[in-house]
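Because the structure is predicted, anything quoted here is derived from the model rather than measured. When a ligand or atom number is given, it counts from 1 through the structure's own listing order.
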Amino acid sequence: MQVLKFGGTSVANSQNITLVKNIVANSDSDKTIVVVSALGGITDTLLHAAHLAAKQDSAYKTVVKKIESRHLETIKSLIAIQAQSEVLSKTKSELNTLEDLLEGAFLIGEITAQLSDKIVSYGEMLASYIISVFFQQQQLDAVHVDSRELIITNEINGKATVNFDITNTNCQTFFSNTAHKVIVAAGFIASSENGNPTTLGRGGSDYTAAIIAAAINAETLQIWTDVSGMYTANPKLVKQAKAIPHISYEEAMELSHFGAKVLYPPTIQPVLAKGISILIKNTFNPEDAGTLITKNQNDQGKTVRGISHVENIALLSLEGPGMVGIPGISKRFFEVLSQAEISVVLITQASSEHSICVGISEDDIDKAVQIVNTAFEYEVDRGKIKPVIAEKNLAIIALVGDNMKSHQGLSGKMFSTLGKNNVNIRVIAQGASERNISAVIKKEDVKKALNALHEEFFEENIKQLNLFVMGVGNVGAKFLNQVDQQKKYLNENLKLNIRIIGLSNSKKMVFAEDGIPLKEWKANLATGEKANSDRFFEKVNQLNYRNSIFVDNTASAEVAASYNSYLGNSIAVVTCNKIACSSAYSNYQELKNLARTYNAPFLFETNVGAGLPIIDTLKHLIASGDKILKIQAVLSGSLNFVFNNFNDELSFHEVVKQAQEQGYTEPDPKIDLSGVDVMRKILILARESGNQLEISDIENKSFLPQESLDTDNNDDFFSSLVKYESDFQQLYSDAVAKSSKLKYVAQFEKGNASVGLQEIPKGHDFYNLEGSDNIVLFYTERYPDQPMIIKGAGAGADVTASGIFADIIRIGNF
Ligand code: ADP
Ligand code: ASP
Ligand code: MG
């Protein structure tokens, strides 16, 4: 004998019920008991109708109509025409009785728990009846049994306790006496010894199947559902979750107790006692292996077997000086909760005995506060105990595994993973069996926490980086292109999986929760909503993804002003925009502090020398104890390009125009030509070397005429360059006369920084600097005479994009 249980989705409509029939027909056993749930969603709909009726809202009638049409449609498409009328009329008559019951509730404006159980039992009753007739029509030797005559409980409605003595005898007698090969029974519903309707709790059809399986000593219990087994985490929230092939009863119990809804927690107890295995299978993919639950699982290597979570948790804390050393406080606390039938999901007690804190369902919290305060009124009035404290909107997240007890460091790994992702932990509890470690966190952090933990414990170190990219101009577009090209390599070699979740330019912004397809980013962005940098941040924050990185490819002050928000919410920032790091020192310092406090990397390597590893090298020198004595550098790829190409045959403004067109200058070329860009760079290097400097402290001997400096748009700026062409030609010929080249040099020494155009003689390190190259000389305590030199392409969209990319990979390896 075997028991097969099919859940709500498996019997949701005629198509699915046909799949169920095939599974039953193909299973070879002398006798198969088929336990079914109500058609998917019907239990909720019935409860909704009851709720409306009790509120005296006549809309319950429309809801009943909906329930009726679901069933009638299913019958019409399942059952052959000639047999339909009997099934239809029986179903309609049952539904008429249901409507009468609801009308009764509507008239008195109230619903008792017993009536609610009676109403809700129509779901399973009708489903099992219809399915049994369908099976008969399909030539299965099938019969219908009324579970309410087999499963007997106490009188507690909503979640009754089974009387196993009577129930087992009923089942044994019935199933051994029936000659039919297939017996269809309703799950979930039962009756009390007095014959009143009861139910086994939401999700209780699994339990019905286990009770029957244990009573008749079935060879196996199969739970057929809409997923391929018990997964390493809820597959609806964690895309990477996988079915666990083999798991122990205890592990399955622990996972289901902590929210793995695929199995109703009480289900395991009856079959465990008899050593009957449970196989969880997928009705829609019957060839998938599913999950086998037995006494011992055979995978000794795996420590953490699954991660589960329970939402809608509230914490209830009792504390006060009067609790110390006084026996019986906890006993009374638990007693009042138990008398009110409030179940406690998690317990922690401070070792000082000063406080005790429990996790309960959020639905029970108001009642719990009231009964506990009443119970401890005497102590509260005398100041020995404080009024009980309630906290809502929480969730429990739990790591589960039989082998966890023999491994150290798992909780450390769990909490550091949560910490890195800014998931605040309210309470920690570890089961005495060491089979689970649980933490109470904010409900809104559940998805992020589950995914971060899943990545840590199950995904062979593949780390997902979730990028939110602003700016798709020269640099941004190249960057997206590079990510696209390198995706596969990074996944295979660095175990990094990069996804662009959000993208924005100055006009539009778009988000895709599973990542924007990189080949189609332009088309995707075009369909986006109106861009707004505040709303962009709100959306990033609300999505609350682990390993979130905000990437700024703009030169915008408004965008730079938003970094505080990102870092303050533990979102990393990678930027090529120099504005933030060269703004007031206090702002630079605040960003650095936020990054440290909230564990959010803030990287801006491309602020100086595009993709050259200048800031990273500087950081390493300082971290290893070196001191910077002097920095000399040519830091403007743009100015280097301009002065390398400028000669007496070309006009100055033409060369500048060319530099702008080839992406070697900022969108506003005056920022480069005036030296402001170089000032920002040397300022950032000075600050990164540990100096407190402002931009106004930097000396700038500009080679531009005042009139050019005073312009406020690109057209006027270029006109002024045309007007002063002879000045620029003079600079050039003066340098040539001394066999020198013009270079725009930045210098920092003994706390003083300056920038300006210099005539560099032959033989100097700077003389042969080609194209748009940059060069930096670091004179340090370890490199006092021969400086450490970093040299190479220092401008251009491609190298800047690759510098941004390098920063992102640094975060990935962090
Ligand atoms: P049924 O109606 O078949 O009884 P349920 O909805 O009660 O199905 O249970 C199956 C659902 O449980 C899945 O669709 C999934 O959303 C949810 N679930 C939660 N945690 C897990 C888990 N760890 N493994 C598998 N499913 C899970
Ligand atoms: N139909 C019931 C519910 O939705 C029982 C079950 O499906 O297991 O809770
Ligand atoms: Mg279920």
Side chain to side chain donor-acceptor pair (under 3.5 Å) evaluation trace for D402 with S248:
CA-CA 8 Å; D402 281 345; S248 74; 2.6 Å; yes

Closest protein heavy atom (residue, atom, distance) for [atom]:
atom: atom 15 (C) of ligand 1; answer: N234 OD1, 3.8 Å
atom: atom 14 (O) of ligand 1; answer: D226 OD1, 2.9 Å
atom: atom 27 (C) of ligand 1; answer: P235 CD, 3.7 Å
atom: atom 6 (O) of ligand 1; answer: K261 NZ, 2.9 Å

Kindly indicate whether the side chain of [X], heavy atoms from C-beta on, has any atom under 4.5 Å from the side chain of [Y].
X: V423; Y: K448; answer: yes
X: L102; Y: L98; answer: yes
X: L315; Y: V440; answer: yes
X: L78; Y: T18; answer: yes
X: N154; Y: V162; answer: no
X: H454; Y: I307; answer: yes
X: K392; Y: D366; answer: yes

Any N or O of [X] closer than 3.5 Å to N or O of ligand 1:
X: Y231; value: yes
X: G8; value: yes
X: S10; value: no

Do side-chain atoms of D57 reach the backbone of A53 as a donor and acceptor pair under 3.5 angstrom?
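The answer is no, because no donor-acceptor pair under 3.5 Å joins these two groups.
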
Heavy-atom donor-acceptor pair, E99 side chain to V64 backbone, under 3.5 Å
no

Please determine whether any non-hydrogen atom of A233 lies less than 4.0 Å from an atom of ligand 1.
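It does; at least one heavy atom falls under 4.0 Å.
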
Within the structure, is a non-hydrogen atom of S308 found at a distance of less than 4.0 Å from ligand 1?
no

Verify the neighbour count for atom NZ of K443: are there more than 12 heavy atoms of other residues, nucleotides or ligands below 6.0 Å?
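For K443, atom NZ is crowded (more than 12 foreign heavy atoms under 6.0 Å).
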
What part of [X], side chain from CB on, backbone N/CA/C/O, both or neither, has a heavy atom under 4.0 Å from ligand 1?
X: K236; answer: side chain
X: K5; answer: side chain
X: V262; answer: both

Can you name the atoms of ligand 1, numbered from 1 with element, that are less than 4.0 Å from a heavy atom of [X]?
X: T225; result: 1 (P), 3 (O), 8 (O), 10 (C)
X: G7; result: 1 (P), 2 (O), 3 (O), 4 (O)
X: G229; result: 24 (N), 25 (C)
X: V227; result: 13 (C), 14 (O), 25 (C), 26 (N)
X: M230; result: 24 (N)

Check the pair T198 / T153 against side chain to side chain donor-acceptor pair (under 3.5 Å), numbers first and verdict last.
CA-CA 7 Å; T198 55; T153 67; 2.9 Å; yes

Could you list each nitrogen or oxygen of ligand 2 that sits under 3.5 Å from a protein nitrogen or oxygen, with the atom names and the distance?
from, atom 1, to, atom 2, distance (Å)
ligand 2, 1 (N), T43, OG1, 2.7
ligand 2, 1 (N), E124, OE2, 2.7
ligand 2, 4 (O), T43, OG1, 3.4
ligand 2, 4 (O), R202, NH2, 2.9
ligand 2, 7 (O), S37, OG, 3.1
ligand 2, 8 (O), G203, O, 3.3
ligand 2, 8 (O), G204, N, 3.4
ligand 2, 8 (O), S205, N, 3.0
ligand 2, 8 (O), S205, OG, 3.2
ligand 2, 9 (O), R202, NE, 2.6
ligand 2, 9 (O), R202, NH2, 3.4
ligand 2, 9 (O), G203, N, 2.8

Can you name the nearest heavy-atom pair linking L47 to S116, along with the distance?
CD2-OG, 3.9 Å

Taking I151 as the fixed residue, which of N163, I166, I211 is the one that meets the side-chain contact (heavy atoms from CB on, under 4.5 Å) rule?
I211

